[in-house]
Amino acid sequence: MAELMKLQVICPDRIFYEGEVSMVEFNTTEGEVGIYPKHIPLTSILAPGILTITEEDGLKNAALHSGFVQILPEKVTVMAEAAEWPHEIDLGRAEAARDRAEERIKNRSDKTDIARAETALQRAIARINVIK
Ligand code: ATP
């Protein structure tokens, strides 16, 4: 039996996930990471991407956006601005958000906030990828 740790994913409006997992993967500002039980204590900053939760009996995927992660040997706590299970994602809305962000990046002017457009694009891509 694989070793387990606690995972809690907290969003402003709900506890998105709480359970015992053998691994969790997510995207950080430093790149994608996979965390197993007994990891050394660490905090990290989330970047939009796919959250993959490995439970004893299978995998769960979700879109996970900006926030912070606290990693302890026995527990990982994620505090995120937003997270969505695949069935909660509105594909049309995500595609419209992607197109809008791409358009802003392509037709940039002095007034364009590129970092904001790029993060919006990352969020939209994460949502699209999690249901494809
Ligand atoms: P949009 O431009 O379409 O609002 P966004 O990336 O700016 O997208 P966020 O600020 O990340 O949206 O999210 C605002 C709220 O709307 C959050 O609760 C988020 O879960 C929800 N949300 C955003 N896009 C979608 C989507 N495509 N499907 C389902 N829920 C979404």
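Numbers here are sequence positions counted from 1. Please read these numbers as outputs of a predicted model, since none were measured by experiment.
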For this session: Would you sort out whether L4 and E56 count as a side-chain contact (heavy atoms from CB on, under 4.5 Å), showing the intermediate values?
Result: CA-CA 8 Å; L4 297 174; E56 268 196 304; 3.9 Å; yes
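- With respect to E95 and K132, a salt bridge is recorded, a charged nitrogen being found less than 4.0 Å from a carboxylate O.
- A pairwise comparison of heavy atoms in A94 and R127 identifies CB-CB, 3.9 Å as the closest pair.
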For this session: Any chance you could lay out the side-chain contact (heavy atoms from CB on, under 4.5 Å) test for E32 and E25, step after step, and finish with the verdict?
Result: CA-CA 7 Å; E32 286 185 21; E25 294 161 89; over 6 Å; no
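- Looking at residues two or more places apart in sequence or on another chain, you find a side chain to side chain contact (heavy atoms under 4.5 Å, CB included) between D113 and A115, R116.
- Contact of the W85 side chain with the K60 side chain is registered, since non-hydrogen atoms from C-beta on lie closer than 4.5 Å.
- The side-chain hydrogen bond (donor to acceptor under 3.5 Å, both in side chains) test applied to E30 returns no partner, not counting sequence neighbours.
- Checked by atom type and distance alone, the side chain of N61 never pairs as donor or acceptor with a backbone atom of V130 at under 3.5 Å.
- Of the residues I10, L64, V24, I71, the one that meets the side-chain contact (heavy atoms from CB on, under 4.5 Å) test with V78 is L64.
- The existence of a salt bridge linking R98 and E118 is excluded, since no basic side-chain nitrogen approaches an acidic carboxylate oxygen closer than 4.0 Å.
- A distance-only check finds a donor-acceptor pair linking the side chain of R108 to the backbone of I105 [under 3.5 Å].
- Scanning for side chain to side chain contact (heavy atoms under 4.5 Å, CB included) contacts around K111 gives S109, with sequence neighbours left out.
- The residues K6 and E74 are annotated as not salt-bridged, no charged nitrogen and carboxylate oxygen being separated by less than 4.0 angstrom.
- Closest of all the heavy-atom pairs between Y36 and S22 is CD2-O, 3.6 Å.
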